[in-house]
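Remarks on the structure that follows.
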Amino acid sequence: MQILVLFGVFLITVFIGVPIGYSIALATLVVLAGFTNTPLAMITQNCVSGVNSFSLMAIPFFILAGNLMSTGGVAKRIVNFADTCIGWITGGLSLVTTAACMFFAAISGSAMATCSAVGAIMIPEMEKKGYPRPFSAALAASAGSIGVIIPPSVPFVIYGVVTGTSIGDMFIAGFLPGIMMGIAIMIACVVMSKKYGYQGASSKPTGRDVWISFKDAFWALLAPVIILGGIYAGIFTPTEAAVVAVIYSIFASVVIYREMTLKQLYAAFVDSVRLNGNIVFMVGTATAFASYLSLKQIPVLIAAFLTSLTSNPIILMLIINVFLLFVGCLMDNIPATIILSPILLPVALECGLSAVQFGVVLTMNLAIGFVTPPYGSNLFVATSISGVKIEAMLKYVLWFIGALLVVLMLTTYVPFFTQGIVEIING
Amino acid sequence: GSKDGSVSNAGGNGAAGSAKEIVLGHVYAEDHNINRASLQFKDYIEKESGGSMTVNIQPNSVLGGDEDMLEMCAYGTVTLMTPSVASLETYAADWGVLNLPYLYDSVEDAFEAADGELGDYLKSTLDGTEYICVGFNSNGTRNMSNNVRPITCIEDLKGIKMRVMNSSTYIKWMNALGANATPMGFNEVFTGLQQGTIDGQENGAAIAYTSGFNEVQKYFSVTEHVYDMNAIICNRAFYESLTDEEREIFDTGIRTYMEDWQRNTEVSEDGEYIAKWEESGCAVNYLEDDKKEAFREALTPLYEEAEANFPEAWEALSKYR
Amino acid sequence: MIEIPENTYTKMGKKENDMNGLKKITHRINKLEEVFLVATLAVCVVVIFVQVIARYVFNNSISWSEEGCKYLFVWMIWMGTDFAARDHLCIEIISGRVKGKAKLVLDIVVKLMWLGICLFFTFNGLEVVQSMMQRGKVASSIPWLKVWVVYLVMPVSQGMLSIRVIAQIAEDIMKIMGRGQLADGSV
Ligand code: NA
Ligand code: NA
């Protein structure tokens, strides 16, 4: 009954148009007041404690850096360089976007940060080269999901701590599936480009063309090297790296390229604080929602129900995948990981998966959830940076979800890609 | 709004029932001894009370860290919790004395102080608040690990970037020992060690091992600098709502499982986890007792400061040193 | 509501001419919020950057930087919900298909629900802050900072947002009653 009312209120309010972050809070409030003695103050407290996180701050900073890079001429040069190299292939720039997401994934542990960092740069640039905005937004949202699979990854660390799985092994295990997600999305890009007629934008380059565009893009190409190198050399945490990216892009666009006015700089800051207010705050209300579920042991009930359905491991894993995809439609990945991994892991172990493999499968399911409505954080980021409605993106997102589902099935049923690699590396 | 009201009335309050629900929240993994103690406490309470009290365990920080749960505990969302004593320092500054290193010579002295006058005094600092401290258990003997060199004497700590909790006392003493104290949230420590943002950390052997720090550390030094405690904190209104009979059962359950069983298990498992650090390839060394004197000397200004700021707590504590 | 302007800063500049008294006040509040939020973000950028420099160049950490920035961030986020009041993410599957007066009525219903939860946050937030003031909890690395100041953002931001939503509802009602000329269509 409680579950019915909870999801009922949430879905009804969301679909008639109440802001999504507030729908989550409203649904939690209704069940808390209606069915429990739990103090209502829990909601307000969680709304603050849920966003009181240093790691979360990477989001506005990467968005700011992305904004600065796309208005300050930095992104333009990266894109020109990439375009010179592979832009002539059918759908080349969409491949460039996917590759950029994979590259940022190696810097950032968060899908939203990856989506925003790459999306803010590439969506306007792709539009200039003739791609429809909804396609570019859908691509940035989908490829951004790779951010939590290619290490470092925040959900992997959380999963490792919650279940006692080696985090080092998780980081090894995520690498190949992350690359596979990138390849699957690239294949979808090429197929869609053929279907919808997106052409390569330029002619085949000469060596001289490549050298000229490389020289022009040198400072721009140095940016990811500094950020990536900085994190791996231990000079800064991801949040600090995001700040360094901001400072660097101000330096590059104001001092070196001299293509940014103070007014544009200010406008980029305004765009970032706006995003805090319409997206990041949802992490707070989602935390309250997750606390309620946990207090009422609702995830435990769901897990018991799952195991009562069948004893066939292949079917059971399929059910778990479908369930996780469903959860991903409604919930943020972090609270979902915290609540569900200890409950579902024993079921997965029984099905013959290793803890490491299941960690990647769970995270990938919830990563696909970043682009499934109604609650899809990458969709929100993509909407916010592109101005495209979510509904307009869905037609394209479906293609990418299809491609990612293939990788999900391979990761679920072929242990080699995760556990196998870990065993090879560990000897 | 008014709409909320109508829905809630239709639903009724039946689900809450008449049993008194103890929501027991903690930050430890399911196989950690605090969770195993919690499960035994749950069994005992539910059996002995004949169902008039139920225990709802919320492990693994699912409701948030100690600081978040302490706020929830003020309202009774969480009824019972075992926060590290360090997190109570921000509510009542006296608790900070427990965060100083090398206060005691043995873990037995530390437990004795907690069960004796020091514990009584600290409990009294929570009078008039929403909290009541019903006991103390062990958060492990804190040791240091790092990637620079084994800690064999105080000079070895010089310049090492050591992660500490967000506690002003920990920051102060770590700097006083010559290290470079870097406050950081627990969930960021693994990545910090892996990427070298920090060189080392200090924690109980068990929690550090189960969090995977052994994978990203070279040296484990048994410094035994703090015999760390958790306070067992209950929501005061809930505790006072218990009948005499229920309170008897509650108190016994706390003493038997959350205190005695947990402390014994923690102490006996400590050695096992140090062995696991060694097995996983870390160089383990034991800080010799006579080398601890130099640490105490460096900390003297902080001991004196604590004595001046918190005379009552310090006096109680000194009886067990 | 789902349409998010790319650069509202320049848009707001254009609107300045044809504004009545109420609009002017709203505009001034928006401007104040904007400057506050941008300044907060800029402070965080500077503090964290200085922290990185301090740690690597001077081998010295700033103990309060992480906690201080987190608290500024909490204020940034929740004040942002008021600043971004026009830009909140909504699914328009139903409301996008309704036209005319029916759409206005649906809008009012939606906004009443939104108002309900905003008012809850305002008053519940006040209770939480009051209770925290009694507990007197301080920030761990900034001992002079009382933590209720951080939670104060809930009643402040959600109270301001409530007023904004009430004004929007009032405007919708006027439109239904046929006095739509008051609105400039931007609500
Ligand atoms: Na990543
Ligand atoms: Na989703």
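Chain naming here is simple, since letters A, B, ... match the order of the sequence lines and numbering starts at 1 in each. Predicted, not measured: the structure shown is a model, and the values here were computed from it.
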The side-chain contact (heavy atoms from CB on, under 4.5 Å) partners of Pro132(A) (sequence neighbours excluded) come to Pro134(A), Phe135(A), Tyr198(A), Tyr396(A)

Whatever's closer than 4.5 Å to a heavy atom in chain A on Val128(C) counts as side chain

### Task
Please state whether the rings of Phe281(A) and Trp78(C) are parallel, tilted or perpendicular, taking 30° and 60° as the class boundaries.
perpendicular

Heaviest contributor of heavy-atom pairs below 4.5 Å to chain A, chosen from Phe121(C), Tyr71(C), Phe73(C), is Phe73(C)

Greatest number of non-hydrogen atom pairs under 4.5 angstrom with chain A, of Val109(C), Ile77(C), Leu37(C), falls to Ile77(C)

The interface call for Val48(A) against chain C, heavy-atom contacts under 4.5 Å, is both

Going by the angle between their ring planes, with limits at 30° and 60°, are Trp75(C) and Phe36(C) parallel, tilted or perpendicular? perpendicular

Okay, Ile53(C) and chain A: the region with an atom under 4.5 Å from a heavy atom over there is neither

Chain A shares the most heavy-atom pairs under 4.5 Å, among Asp82(C), Val35(C), Val45(C), with Val45(C)

Heaviest contributor of heavy-atom pairs below 4.5 Å to chain A, chosen from Val74(C), Val46(C), Thr40(C), Val153(C), is Val74(C)

Greatest number of non-hydrogen atom pairs under 4.5 angstrom with chain C, of Ala25(A), Ser53(A), Cys47(A), falls to Cys47(A)

Nearest heavy-atom approach of Ala85(C) to Leu161(C) is CB-CD1, 3.6 Å

Sorted by chain and residue number, the side-chain contact (heavy atoms from CB on, under 4.5 Å) partners of Ile62(C) (sequence neighbours excluded) come out as Val50(C), Gln51(C), Ala54(C), Trp64(C), Ser65(C)

Bottom line for Glu127(C): the part with an atom under 4.5 Å from chain A's heavy atoms is neither

Here the pair of heavy atoms bringing Val397(A) nearest to Val371(A) is CG1-O, 3.5 Å

**Prompt:** Going by distance alone, is a donor N or O of one side chain under 3.5 Å from an acceptor N or O of the other, for Ser140(C) and Glu67(C)?
**Reply:** yes

Turns out that what part of Leu40(A) lies under 4.5 Å from chain C's heavy atoms comes down to both

